[in-house]
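Down below is the structure, laid out as structure tokens.
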Amino acid sequence: MTGQVASRLAEMVEAASGGRLPAGEVLRSEGSLAALGLASLELLRLVDAVEDEFGVVLDLGGGAHLDSFPLLAGHVAENLP
Amino acid sequence: MTPQSPQTPEPSPTSPAPSAPRTRRTSPATPVPRTVPEMLALRAQQEPERTAIVVEGEGTLTFGEWERRSHAIAQGLLGRGVRPGDRVGLLFGSRDWADFAVAYCAVQLAGAVAVPLSDRLAPAELRYMLGHCEASAVLCGRDLEAPDGDRWTAAPAELEDAGSGPTGVRVAPEDLAQILYTSGTTGTPKGVGASHANLAFGCETRPNRRRFGHSRHLLHAFPIGTNAGQTMLLNALDARPAMLTPARFTPGRFARLIESYGVGTVFLVPTMAIELLNAGLHERHDFSSVVLLGSAASALPPSVSVRLTTAFPNATVTNYYTSTEAAPAQTIMIFDPARPGALGRPASGGALRVVGPDGEPLPPGETGEVWMRSPAPRSYYRDEQASAEAFRGGWVRMGDLGYLDADGYLHLVDREGDVVKSGAFKVSTLQVEAALYEHPQIAEAAVVGVPHPVLGTAIAAAVVPRSGGEVSVTDLRAFLMERLAGHELPERVLVVDVLPKNQSGKVIKRELRGLFGAAATGRTEGT
């Protein structure tokens, strides 16, 4: 399940970045999304997209789930309604 | 705070006009508050049960609670040794807007100076600001910690048991009330000091004349620590509608709030407006309740204004132009297709002029520096040199180039200097460069603003590695995150062998911007 979610999430990161961050690169990344280059505005887009598609509310203010892409994918997979 | 669910839709507007310019009352019938604590006291007396602030998902604050809790915390501050004139940092995130509002008034009731600080600031920035103003204490919202320093910290709740009722401290209109840090032209943040007279200027106290009287809720998502955010706090104190804000902003959540509360007044920045439109949120949510859509922080591009008038079919789309230094002076412009780029004429007791290099006003149509004058001027705190540069004889240099048309409407042409406007924020490119230069592998760095479809301007950095060194763009961003706020992080980073410079060795920023427009010019493009 996490693998499928991760693949889809990586596509969503690519879309949120306007195509600047290729999904393949996102999938391989281990650092934070901000360090990868996802701007703060693009992160908001991603949060809305995740909420719309997965029904998972991401807390922008805290929690480790935004510290890296693998953590984000794991968090979304675990919290699927 | 008590939980609250969305209320019934807003009443129909009796007047679609936005706020009239704040004007001082002359009738002796209703007292005119001259300080922020007086504003709170008057409103709490008039409407103690009325909701002042709603933080979606967190709860509400009434005027009565606001005053009672502020008094209690003020007692706590005095009990811990805070004295009139002391600076007290207020480090809060948006979900704690209500606690922030209480702490803000508490600090002022103790006669001290409130220093609002955003939770988005990097640790190094917070350290600088708290050190610069020599804050004696910091009050923090949930899960936030102030950097170590020679001061104590506490959560507001820790101070609320110290006592109740008025403190007995006298607060005068000319007393310093607030310091807001903003990007300065020299690369370090500037503390903009405002007196109570400045903040309370134009406060409307007559119940039937309160601003935004057509609305039950005023929605915004401006961060704490910004001038726009502080303006919203003052609106919460003296305007008719309750101030509504999401605990954590996203465009989707913002759109849902408009619909579920039937919000009448919305304040946003152009970046947010463009995001709402591009995401098609107006097609999925009912925005028909909105009668005033105000845009602050930077000018709405005319094409966006046109789209907004369609997306918000009943709203008057209005631009507000001011700055942290110039407030409450501002220009107000109801979008007029006949003057799509105009920013309006001076309001709120302010004055406006466009001047040439000699400081003399220019005739209509000629481009020069935009200056504004506030009826109760602000100044830079503990920075006489910067004050002398930015404030001249009561006039504030806005850092923008523009012209006045024949009818006195302001039009902006460009931004001067080393400060760029990215989204809602002013970013000092010098400050970003300074942070880049701290990296051990970077020999040279230069930062510019480049056009961005949503932000208006995005931050772009070109770096030259040290001889034989390699720079990973990902590592570089991680490095910068310790030193810069999120909105200051360069969205684009180019690793190059040399920077374009003129004969005297100064980086030619125009050519540098060109590098970001050309593909594969540099060695590495990190995005």
Side-chain angles (χ1 to χ4, degrees), chain A residues 8-73 75-76 79 81, chain B residues 57 92-96 119-120 141-144 221 223 246-256 269 271-272 274-276 278-279 281 284 422-425 452-456 458-459 472-482 484-493 525-527:
Chain A
R8 177 64 193 130
L9 269 176
E11 292 171 3
M12 291 162 76
V13 174
E14 179 176 333
S17 73
R20 215 179 58 251
L21 302 175
E25 191 181 315
V26 175
L27 265 176
R28 289 190 299 275
S29 72
E30 293 179 351
S32 77
L33 294 171
L36 190 64
L38 193 70
S40 51
L41 179 70
E42 296 163 348
L43 179 63
L44 297 181
R45 266 182 217 156
L46 178 67
V47 170
D48 271 343
V50 168
E51 212 166 310
D52 281 349
E53 185 161 330
F54 293 109
V56 176
V57 178
L58 300 178
D59 184 351
L60 287 162
H65 58 267
L66 292 175
D67 284 355
S68 76
F69 183 76
L71 285 173
L72 173 65
H75 175 82
V76 172
N79 289 280
Chain B
F92 289 84
S94 292
R95 65 178 172 150
D96 286 324
D119 62 342
R120 300 178 182 195
R142 284 171 286 177
D143 303 327
L144 294 174
R248 304 232 187 267
F249 170 79
T250 70
R253 293 170 191 172
F254 198 76
R256 281 199 298 273
V269 295
T271 301
M272 288 163 56
I274 296 168
E275 273 299 288
L276 287 173
N278 287 354
L281 290 163
R284 292 152 54 193
S422 183
F425 297 98
H452 185 281
V454 178
L455 293 169
I459 310 302
S472 148
V473 172
T474 303
D475 291 348
L476 188 56
R477 279 212 184 80
F479 176 83
L480 291 177
M481 285 164 67
E482 290 292 313
L484 299 170
H487 60 269
E488 294 167 330
L489 290 178
E491 183 175 316
R492 303 185 63 190
V493 179
E525 166 88 45
T527 53

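In what follows, every heavy atom counts, from backbone to side chain, and hydrogens, waters and symmetry copies are set aside.
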Portion of R253(B) that has a non-hydrogen atom of chain A nearer than 4.5 angstrom:
both
At a 4.5 Å cut-off on heavy atoms, which part of A279(B) comes close to chain A: side chain, backbone, both, or neither?
neither
Going by an N to O cut-off under 4.0 Å, is there a salt bridge joining D143(B) and R95(B)?
yes
If the threshold is 4.0 Å, N to carboxylate O, is there a salt bridge linking R28(A) and E25(A)?
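No, no charged N to carboxylate O under 4.0 Å.
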Under a 4.5 Å heavy-atom cutoff, which of L43(A), V47(A), L41(A) has the most pairs with chain B?
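Winner by heavy-atom pair count: L41(A).
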Donor-acceptor pair, distance only, cut-off 3.5 Å: does the side chain of D48(A) make one with the backbone of G252(B)?
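Between the backbone of G252(B) and the side chain of D48(A) there is a qualifying donor-acceptor contact (under 3.5 Å).
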Say whether, by atom type as modelled, one donor and one acceptor occur between the side chain of E482(B) and the main chain of F479(B) under 3.5 angstrom.
no
Should the ring pair H487(B) and F425(B) be called parallel, tilted or perpendicular, given that the plane angle runs from 0 to 90° and is split at 30 and 60?
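Because their plane-to-plane angle is under 30°, the rings of H487(B) and F425(B) count as parallel.
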Quick check on A39(A) against chain B: is it the side chain, the backbone, both or neither that has a heavy atom closer than 4.5 Å?
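Contact with chain B: side chain only.
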What residue, out of A478(B), P251(B), G486(B), has the most heavy-atom pairs lying under 4.5 Å from chain A?
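Looking at each option in turn, the highest pair count goes to P251(B).
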